[in-house]
Every structure is written in C-alpha cells, then in structure tokens.
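One structure is given here, and the rest of the page talks about it.
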Amino acid sequence: MTSDASRPEARGPRGFIDRRARDLAAERRILAAVAEVYERYGFEALDTGAFEYADALGKFLPDADRPNEGVFALQDDDEQWMALRYDLTAPLARFAAQNWETLPKPFRRYAFGPVWRNEKPGPGRFREFVQCDADTVGSARPEADAEIIAMAVAGLEAAGLPAGSAIVKINNRKLLNGLMTAAGVTSEVQKLVVLRAVDKLDRLGPDGVRLLLGEGRKDESGDFTKGAGLTAAAAERVLAFTAAGAGDRSGTLDRLAGVVGGSAEGDEGLAELSAIDAALTGLGVGAERAAFDPSVVRGLEYYTGAVFEAELLLQTTDDKGQPMRFGAIGGGGRYDDLVARFTGERTPATGFSFGVSRLAAALKAAGRDLAADSRGPVVVLVLDQDRMADYMAVAGELRAAGIASEVYLGTSGMRPQMKYADRRLSPAAVIIGGDEFAAGTVTLKDLDLGRALASGVTDNAAWRAERPGQMTVPRTELVAAVRRIVSSATPGDAA
RNA sequence: GCCGGCUUAGCUCAGUUGGUUAGAGCGCUAGAUUGUGGAUCUAGAGGUCCUCGGUUCGAGACCGAGAGCUGGUACCA
C-alpha cells in the first residue's frame, strides 16, 4: 500500500473535462447530422493527426523562452518542435500545400476532432474541445463563401437548432479596411485596437466601444484597457458604420456604400458582399438566416475578405436560471494567405467552424436536449452464484435479439442489484432464482412502471407486496416479453 | 498578463471577540425487510479545517508567503 504522502490526488488537469455517455451521445448525434449535410454539399471528410510541426501552425511558434505559449508543444526525438493543433484550419492549410499537385481543385473538405489550446480556461472554455470545420481551398469566388454560409445554416438546423434560433452574420474585412482609411487610421497598431473595440460591441454596447475608440475604458474589475485614441468625430464614424446593418441584405449594402464606398478596397468588399447576397438568395437563404452585419470582426490578421459568425438568438439561461448571453457558436471567413505560407503562391480559401460541445450546450439551452435518452441495459440479476453460465446465456440471447443487456457482475445481494438496475436507468430486470429454474420460467420486472408508481406509495410493505410491473413467463418467451417491456419504455425520460 | 472572491467530510455548506473531543443536510455502508428499486426509522464509516511559516498559554478562526479553485478583464490563431 502506498503511503498517504505519495498517493496521487485523483483529479484531472484544469481545462480538461470528463464527458459521460449523455454528453457523448449528444455530440455524436450532432456530428452525424452535420456530416450528412456537409457531404450533401460535396465536401469530403479529412482527418489529420493531432500533432503538427510547430512552424506549420503559423505565428504561434514556440521559442526558446516560451515553447508552450498558446499551444501544447514538445520536441520530437530529432529535436524538431511539434505542437498539438489549436484548430483544424492550420492543419488543412498544411495538408492542402503538401498535396496540392494531386488534389482536385478547388478542394472541399470537412473535418472534426479535438483541438487543444494551452491557455487559461474560463466558463464554457476548455483547453481541449471538439471542433467541426469545413473549407473550400482554391476558389476566390464569393459563391464559395456563400456556399459555406448556406451550409453552415443548414448544418446548424440539421443538428437540431430550430429555424430562426440562430443567424449567420456576415461582414467583409475589406469594408473595415475602407472604414479605417475614411476614419484616418493609418498605423497597423491603431487599426488593430479599433478592430478589437468593434469586436466588443455586442458585449459592451456602443458606449463602451466609444470609450475604447477614444481614450480607453476601465472595467468593473478595475482593469484599464487603453483606447485607440481616435478623435470623437472618427469614433462616431466607426460607430455609425457598425450600426448600418439591419433588415434585408441589399438595404444594408446600400447604407454601407454610403459610409465606405469610394475607396478602392471598400468598393471591392461591397462587390463581394453583393455577389454573396445573390448566391445566398439563389440557395434559398434569406436575411432571417444570414444577414450582413458590419460589426462582425472575427479574429485579427488571418482573414482577408468575407468574415462570418453564427450567433444564437435564443434567450438562454444558465444552470442557476439566470439569463445569459450565449454569443457566437461558430465563425469563419476568407483567408487567402494561409496556404501561401507553405507554397509561396497565394491560394484563396474560405471556411467555417464551430465548437461541437458549444453547439450541444446551445441545443440544450434551446430545449432540444438530444442527450436525454441514455437508458441503461436490461440487467440480469444473479441470485444463484453457481449458475452464472445460465445468466450469461440469458444476456447472450437478449443481445443477439438486439436488446442491450448485462449480467450483474458484482457480489451483492438482490436488493443492491435492484438498486443498481434502478440507478442505471434500466428499463427492465430479469429475475431467475431457484423457483424459476425449477419451473422453467423467468420473472421480468418493468422498472419504469415501478418508477411511475413509486411516488404514490408510502408504505414499504405495500410497495414490496405489490411487485409493480412484475410478471413471470415461460423461459422460452424471455426475448419476446423483454422486447415488449423495452419497446414500451419512454426513450427520453425514465420517470 | 491584470483585478477581485474563495479553499472545513465524497457533495453543498455552518462554525459566535481566538478556548474542551470541529458540526449539519445530502450522499455512502449496514440493519429494520435472508427473493425486490422509492419513502421512513436506527446505527455506522468518513477530516492534514489547502500548504508552509509567524503571533499566542491556546489558531479552523489573526498575520505573512505560496499553491489551487473561481469570477471578471486582456489576448484569442
């Protein structure tokens, strides 16, 4: 026996979570539904390894001082730095560059799997989480963006988000660049600060953003964020731009043209959005599902054209019943320079990704808790230790008939076994003791029936005497009788 | 990174100006009930009061440092 001092504490690293059957079933269902949609749009599945060489992941290169900044990195035995992927886009860029000669172009693929980020976990934010991503590499057409957007909309709905509960908001980086020019922003640093400020519009509101555009803002925790230092007039201009989105897409475009039209880059962005609008209309996606919104910024450098963000519209509440802001459940955009890092050749690409467990949480908040029906197996009770083979035979028969079942493998008596079956949310228990063996029968107990009756029973003697939902049938009718009980069990709710 | 809050049983938490043997509810185990789930009753197990140092006759409580957790904020590919 290990001494107390050397015994490890049973706990996982922070930011990593254990997920049980309930959550896994929900996520699996989402992925199956989304994959089906994505494949219907002509995207092929791709899986790449968890590790990439660090230089392939882009600007978050480990260096000698801080090799793990942002990513989980380690040195291979040949001393090359490799790191766990932090998203699915960077591995795609690497894959596309590596296989460019032989790929059908444009290359359309989707992927899902865990990604890892070595940063401080927050509420709903983990250091390992499952992402689902779809991209088109090698097409600069706005229709490629429109298709990704339409597919995102269809995917979210297929996963179970009711129509109208989420909207994809679309913007274009080129408009933002045009706006910067109009607002007199010249330095790259200042531009970044302005973009970050705009990105916080949904959380801080126009007043908070106005502060960030000007001198700066002090938050409730007393932390001060330095502002962009714009003049009041310039700040108002930026705010006016972000407020220009509302209603139908072409109307929004007209208003935006009034603010950023005229600059070469702004006009280019407007033309792209106009083409996206037409394509979306052709695909049957209206403004209630995909709208232009100039306040969408997404990330910082990386994106080069259209950017989009899927936002949950439902009023949601947290565990304590407090209303909460759910925010974005996914996002993406056009990144024309990512593959060029490998090939030196500019390769247009666009994509969308979402967090799978985040979507699962959104579905739960939307009242579509797909995880509810994780019922346990039929439990075969062991009353005679010497007849294990007979019990195994029973479970085998049930399994062969497609009914999930198991023999109780503990050593406790009958009552704990019943308790076990109850706790597993088993639909039924199979009871075969000396009486049944002698008579060639089996006793079956419909546990759901007992669960339903339990609330009305106050006296234990009566409860036990009643034997709710219990029946004895000939051994030969075992499978048929169990099937009747199991198929009448409520899938979602055991109570 | 910056700012706050918290840390006592498996869980949720009490614990009086610093004073005997540190408590409750839930959960767990056993019994009432030897072949029956819920409820009830009874009994039991379960503690480095986060760690180290200091003050004191005496610290779960006060002081200092550290760790962990948590909320916000910054960053976010």
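Per chain, numbering begins at 1; letters A, B, ... match sequence-line order.
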Say whether A:Asp135 and A:Tyr335, considering side chains only, have a donor N or O and an acceptor N or O under 3.5 Å apart.
yes
Round to a whole Å and report the spacing from CG of A:Leu204 to P of B:G72.
13 Å
What interatomic distance, in whole Å, is found between C1' of B:G60 and the corresponding atom of B:A77?
47 Å
Sticking with atom P, work out how far B:A39 lies from B:C26, rounded to a whole angstrom.
11 Å
So what does A:Gln131 hit on the nucleic acid, given a heavy-atom distance under 4.0 Å: a base, only sugar-phosphate, or nothing?
nothing
If you measure from the P atom in B:U73 to the same atom in B:C13, how many Å do you get, rounded?
23 Å
Nearest-angstrom distance, P atom, B:C75 to B:U51:
38 Å
Distance alone, cut at 3.5 Å: any donor-acceptor contact between the side chains of A:Thr136 and A:Thr350?
no
Taking the minimum atom-to-atom distance to the side chain of A:Asp422, which one of B:G35, B:G38, B:A77 wins?
B:G38
Stepwise side chain to side chain donor-acceptor pair (under 3.5 Å) check, A:Thr443 with A:Thr472:
CA-CA 4 Å; A:Thr443 296; A:Thr472 298; 3.0 Å; yes
Any side-chain N or O of A:Arg424 less than 4.0 Å from the OP1 or OP2 oxygen of B:G37?
no
For B:C75, does either OP1 or OP2 sit under 4.0 Å from a side-chain N or O belonging to A:Lys200?
yes
Think A:Arg203 has a side-chain N or O under 4.0 angstrom from the OP1 or OP2 of B:A74?
yes
Of the options B:C75, B:U36, B:G35, whose atoms approach the side-chain atoms of A:Arg125 most closely?
B:C75
Pairing check on B:G38: which nucleotide meets the Watson-Crick or G-U wobble criteria with it, both distances under 3.5 Å?
none
Distance between C1' atoms of B:G64 and B:A59 (Å, rounded):
15 Å
Take the protein atom NZ of A:Lys120 and the nucleotide atom C1' of B:U70, then report the distance between them rounded to whole Å.
9 Å
Which base, if any, makes a Watson-Crick or G-U wobble pair with B:C28, both distances under 3.5 Å?
B:G44
Please check the phosphate of B:U29 (OP1 and OP2 only) for any side-chain N or O of A:Arg415 closer than 4.0 Å.
no
From CE of A:Met418 across to P of B:G38 the rounded distance in Å is 9 Å
Please state whether the phosphate of B:G37, meaning OP1 or OP2, lies under 4.0 angstrom from any side-chain nitrogen or oxygen of A:Arg451.
no
Are the aromatic ring centres of A:Tyr420 and A:Tyr408 under 6.0 angstrom apart?
yes
Length of the line joining A:Arg14:CZ and B:G68:P, which is rounded to integer Å:
7 Å
For the OG atom of A:Ser357 and the CD atom of A:Glu27, what is their distance to the nearest 0.5 Å?
5.0 Å
Expressed as a whole number of Å, how far does the P atom of B:G37 sit from that of B:U29?
14 Å
The reported gap from CD in A:Gln131 to CZ in A:Arg85 (rounded to nearest 0.5 angstrom) is 9.0 Å
Write down the partner of B:A65 under the Watson-Crick or G-U wobble criteria, each distance required to be under 3.5 Å.
B:U51
Measuring from the side chain of A:Lys419 (C-beta onward, heavy atoms only), which nucleotide among B:G37, B:A77, B:G35 has the closest atom?
B:G37
